[in-house]
Amino acid sequence: MARKAAGRPPEETLSLWKREQALLKTLVVDRDTEAWQRDPAFSGLQRVGGVDVSFVKGDSVSACASLVVLSYPELEVMYEDCRMVSLTAPYVSGFLAFREVPFLVDAVQQLREKEPRLMPQVLFVDGNGVLHHRGFGVACHLGVVTDLPCIGVAKKLLQVDGLENNALHKEKIRLLKAGGDSFPLMGGSGTVLGMALKSHDHSTKPLYVSVGHKMSLEAAVRLTHGCCKFRIPEPVRQADIRSRDYIRRTLGVQGAPALRPERSKKAQRPKACPQGASEEPAGLSLPRVHQDQGVGGTSERRMEATQSWLGLTAWY
DNA sequence: GCGACAG
DNA sequence: ATCTTGTCGC
């Protein structure tokens with residue numbers, strides 16, 4: 001029975017979720033724990049990971065969860081895992097982790113069992129870390145549960161604890177000059193919750209970087225900059241691209257779904273493309289591709305996974 | 001009623 | 001989050 005991941009959970013459920021966040025928050029380590037994190041060139045760092053969940057358009061349940069591992073500093077994909085999942089929890093601001101994290105944990109766990117040598121030394125997460133309503137965003141959640149260093153990277157400012165995307169904030173953004181420039185995001189309590197980072201020259205919108213787990217904010221910002229070929233850090237960007245491609249290949253194109261099994265040959269026309277605007281260095285080979293099918297039974301397994309943490313996350 | 005709203 | 005190719009600009 002596929003549950004609908006829509007609507008707002010009852011207050012009772014949100015209370016349980018808040019309690020779990022409060023408990024897990026006590027386990028967050030917001031400082032550097034690894035030697036490479038303090039090295040000026042991050043020497044010793046060889047693998048950076050990224051996770052993402054992409055959705056099927058008209059469907060509030062079907063999604064693709066992906067985990068990729070890239071070499072550092074080359075930023076070439078060494079591992080890719082895309083899997084279709086059935087979401088059960090709806091999206092509620094402040095509780096993103098309860099919607100996405102269980103599947104990401106599964107992916108990390110499978111990598112740990114089957115290809116432990118490819119385990120990333122740090123994970124970039126699409127969303128916030130301690131820059132959060134209760135100081136425990138999805139990046140902290142994933143970090144604590146997997147015990148991996150995690151960095152929260154959000155594309156929009158979460159206006160919390162006095163932070164506002166107002167005129168002053170926009171002016172600060174305008175003053176960022178070169179890629180790598182940043183300014184602190186100070187919460188009402190005087191604590192620095194994160195940094196707004198211009199991820200590369202000529203990027204208008206900044207990234208909002210915050211600590212997820214086992215890493216200082218300074219190292220998180222520096223490494224994020226070091227992983228940006230474009231605005232979005234390469235690990236997250238690759239996870240996003242690949243999960244969306246996986247959905248397209250699996251469910252077909254919107255306009256013409258399963259009715260056309262054709263492998264369009266004219267699409268391979270080697271047309272010269274304008275160098276400037278595009279991306280994709282092209283020529284990507286996938287040495288250690290590890291893709292999974294398995295659309296069935298995900299809902300039940302999610303329940304097991306969530307309940308095994310602390311037994312508080314079920315919302316049925 | 002108005003504003004806010006990570007993904 | 002998702003819908004979207006080519007196009008304009010540096």
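Proteins come first, then strands; the chains are lettered A, B, ... in the order of their sequence lines, and each starts at number 1. Basis for what follows: all heavy atoms, side chains included, without hydrogens, waters or symmetry-related copies.
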Between atom [atom1] in [X] and atom [atom2] in [N], what is the gap in whole Å?
X	N	atom1	atom2	value
A:K57	C:dT2	NZ	C1'	8 Å
A:R8	B:dA4	CZ	C1'	12 Å
A:D59	C:dT2	CG	C1'	12 Å
A:D126	B:dA6	CG	P	12 Å
A:I241	C:dT2	CD1	P	12 Å
A:L207	B:dG7	CG	P	10 Å
A:D240	C:dT4	CG	P	16 Å
A:Q21	B:dA6	CD	P	15 Å

Which of the following nucleotides, [options], is nearest to the side chain of [X]?
X	options	result
A:V138	C:dT2, B:dA6, B:dA4	B:dA6
A:S54	B:dG7, C:dT2, B:dC5	C:dT2
A:D52	C:dC3, B:dG7, B:dA4	B:dG7
A:F55	B:dA6, B:dC5, C:dA1	C:dA1

On the nucleotide [N], are OP1 or OP2 found under 4.0 Å from the side-chain N or O atoms that [X] carries?
X	N	result
A:R99	B:dA6	no
A:K155	B:dG7	yes
A:Y91	B:dA6	yes

Give a yes or no on whether the ring-centroid distance for A:F230 and A:H200 is below 6.0 angstrom.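 Centroid separation for A:F230 and A:H200: 6.0 Å or greater.
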
When we call it a touch if two heavy atoms are under 4.0 Å apart, what does A:G152 touch: a base, just sugar-phosphate, or nothing?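 Answer is nothing: A:G152 stays at 4.0 Å or more from every strand.
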
Checking all strands, does A:H202 fall into the base, sugar-phosphate, or nothing category for heavy-atom contacts under 4.0 angstrom?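 The answer is nothing, as A:H202 stays clear of every strand by at least 4.0 Å.
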
Whether the A:D32 and A:S216 side chains hold a donor-acceptor pair (N or O, under 3.5 Å, no angle test) is what I'd like checked.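 Judged by distance alone, the side chains do pair up.
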
If we ignore angles and hydrogens, is there a donor and acceptor under 3.5 Å between the side chains of A:S203 and A:D201?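 No - no donor-acceptor pair under 3.5 Å links their side chains.
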
Full working for side chain to side chain contact (heavy atoms under 4.5 Å, CB included) between A:N165 and A:Q159: CA-CA 7 Å; A:N165 184 18; A:Q159 303 188 143; 2.9 Å; yes

Name the residue from A:T26, A:N128, A:V130, A:V28 that meets the side chain to side chain contact (heavy atoms under 4.5 Å, CB included) definition with A:F136.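 One option only clears the test, and that one is A:V28.
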
